[in-house]
Amino acid sequence: MKLVLEPSQPFNLELTLCCGQVFRWEKIGEWWFGVADDKAFKVRQTGRTLEFENVSQDFVEKYFGLDNDLPAILKQITRDAHVTHAVKALEGLRIIRQDLWECLISYICATYKNIPSIKQMLFNLSRKFGCETVLDGRLLYTFPTAERLAHTSLKELAECGLGYRARYVLETAQKVASGEFNIEKLKTQNYGEARNALLCLKGVGLKVADCVSLFALEKFEAFPVDVWMKRVIIRHYANHFEEDFVKKISLKKSLTKADYEKLNSFGRKYFGEYAGYAQEYLYHFERISSKGEKSSY
DNA sequence: CAAGTGCCTTTATC
DNA sequence: AGATAAAGGCACT
């Protein structure tokens, strides 16, 4: 099946899959293979043509956020030269509508890990506890359900490389599987409510709650702040804060809750209702820029 | 190549 | 409130 993208609605598949928001896509030749919402499918892009197999057009449009009016969103967040630079460099980057359960577990696993490691953990979990599907003779795995993970052991989870995150994943799976934590209810709640509910889960702090809100709950005002975003703010937005505060967070490696909320609320106020989009562009731009600095040294 | 550092942080404790 | 330590283990330098 093919889909021709509107010229007015930029989309870059590669960027969208590689910017660090999703972890389980694999490129084989020209095609990207992945599983979303228990559907194994493949996609490739040539210019404005998006080609896909084993999935409906409706799903593809929804999953990749093609229904978001990207130019309108970008217009709102380009408040200064730096973010404009990032937006131009990363044209066509879109926020994916992730499956809520997979997203939650992914970001619990993502704490204090680098992206290659996160990918490894999630592939391990899926291979071990997910359901096998075949596409083009290639084995793909669905993401394990809460019920399935609830019946694993800490040992088995640790064997997937989760380390101390194993107990957070197990506990969350048990709460969701038993109904003690109603994950579906999050979808009916606003940003503040959903964020607070998520924070009740062990292993979910402010940053993880913001990532889940942004990537799976369509709360575009969420503004996750990680080490990279801290760097971005120190480098380009320091003038929005007191000198002492900037000095303090520059020296310390981790943010206190109060520090986090200060950076987070700055992002939300400054970039507006699509702050999450700004975060994604700034985050990825900072990462690719830092790679460039190193190699051209 | 070994060893050190850092990792899309959170929790526990003081 | 805020500081501090500890937490798998892998990837990168």
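Chain letters run A, B, ... following the sequence lines, proteins first, then strands; residues in each count from 1.
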> Of the candidate nucleotides dC10(C), dC8(B), dC7(B), which contains the atom at the shortest distance from the side chain of R231(A)?
Replying inline: dC7(B)
>> From the set dA3(C), dG8(C), dC7(B), return the single nucleotide nearest to any side-chain atom of Y164(A).
In response: dG8(C)
>> Measure CZ/F23(A) against C1'/dC10(C) and give the value in whole Å, please.
In response: 15 Å
>> Can you see if the side chain of R287(A) gets near the phosphate of dC8(B) - specifically, an N or O under 4.0 Å from OP1 or OP2?
In response: yes
>> Less than 4.5 Å apart, side chain to side chain, heavy atoms only: is that true for L3(A) and L66(A)?
In response: yes
>> Short of 4.0 Å, heavy atom to strand atom, which residues of residues 258-278 of chain A count as contacting DNA chain C?
In response: A258(A)
> Does R165(A) make a side-chain N or O approach to OP1 or OP2 of dC7(B) shorter than 4.0 Å?
Replying inline: no
> What does E280(A) touch in the nucleic acid at a heavy-atom separation under 4.0 angstrom: a base, only the sugar-phosphate, or nothing?
Replying inline: base
>> So that I can compare with my own list, what are the stems of DNA chain C, taken as at least three consecutive Watson-Crick or G-U pairs with distances under 3.5 Å?
In response: B:3-7 with C:9-13, B:9-14 with C:2-7
> Is the base of dG8(C) syn or anti, if syn means a glycosidic angle within 90° of 0?
Replying inline: syn
>> Using a 4.0 Å cut-off on heavy atoms, which residues in residues 204-227 of chain A reach DNA chain B? List them by number, or say none.
In response: V204(A), G205(A), L206(A), K207(A), V208(A), D226(A), V227(A)
> dT9(B), dC8(B), dA3(C): which one has an atom nearest the side-chain heavy atoms of K252(A)?
Replying inline: dA3(C)
>> Expressed as a whole number of angstroms, how long is the span from L255(A):CG to dT9(B):C1'?
In response: 9 Å
> So what does L282(A) touch, heavy atoms closer than 4.0 Å: a base, only the sugar-phosphate, or nothing?
Replying inline: nothing
>> Checking side-chain polar atoms at under 3.5 Å, does D80(A) have a donor or acceptor matched by the opposite partner on Y237(A)?
In response: yes
> Which residue, G163(A) or K248(A), contacts DNA chain C at a nucleotide closer to its 5' end, judged by nearest heavy atom?
Replying inline: K248(A)
>> Between dT13(C) and dC8(B), how far apart are the two P atoms, rounded to whole Å?
In response: 12 Å
>> Tell me every residue that passes side-chain hydrogen bond (donor to acceptor under 3.5 Å, both in side chains) with K2(A), counting only those two or more places apart in sequence or in another chain.
In response: none
> Rounded to whole angstroms, how far apart are CG on L201(A) and P on dT9(B)?
Replying inline: 18 Å
> Please, which pairs that meet side chain to side chain donor-acceptor pair (under 3.5 Å) have at least one residue in residues 168-182 of chain A, sequence neighbours excluded?
Replying inline: none
>> Would the base of dG9(C) count as contacting K113(A) through its side chain, where contact means a donor and an acceptor less than 3.5 Å apart?
In response: yes
What donor-acceptor contacts under 3.5 angstrom involve side-chain atoms of residues 207-217 of chain A, with partners at least two apart or in another chain?
{"from": "D210(A)", "atom 1": "OD1", "to": "Y191(A)", "atom 2": "OH", "distance (Å)": "2.5"}
{"from": "D210(A)", "atom 1": "OD1", "to": "R195(A)", "atom 2": "NE", "distance (Å)": "3.0"}
{"from": "D210(A)", "atom 1": "OD2", "to": "R195(A)", "atom 2": "NH2", "distance (Å)": "3.2"}
{"from": "D210(A)", "atom 1": "OD2", "to": "Y260(A)", "atom 2": "OH", "distance (Å)": "2.6"}
{"from": "D210(A)", "atom 1": "OD2", "to": "N264(A)", "atom 2": "ND2", "distance (Å)": "3.1"}
{"from": "S213(A)", "atom 1": "OG", "to": "A209(A)", "atom 2": "O", "distance (Å)": "2.7"}

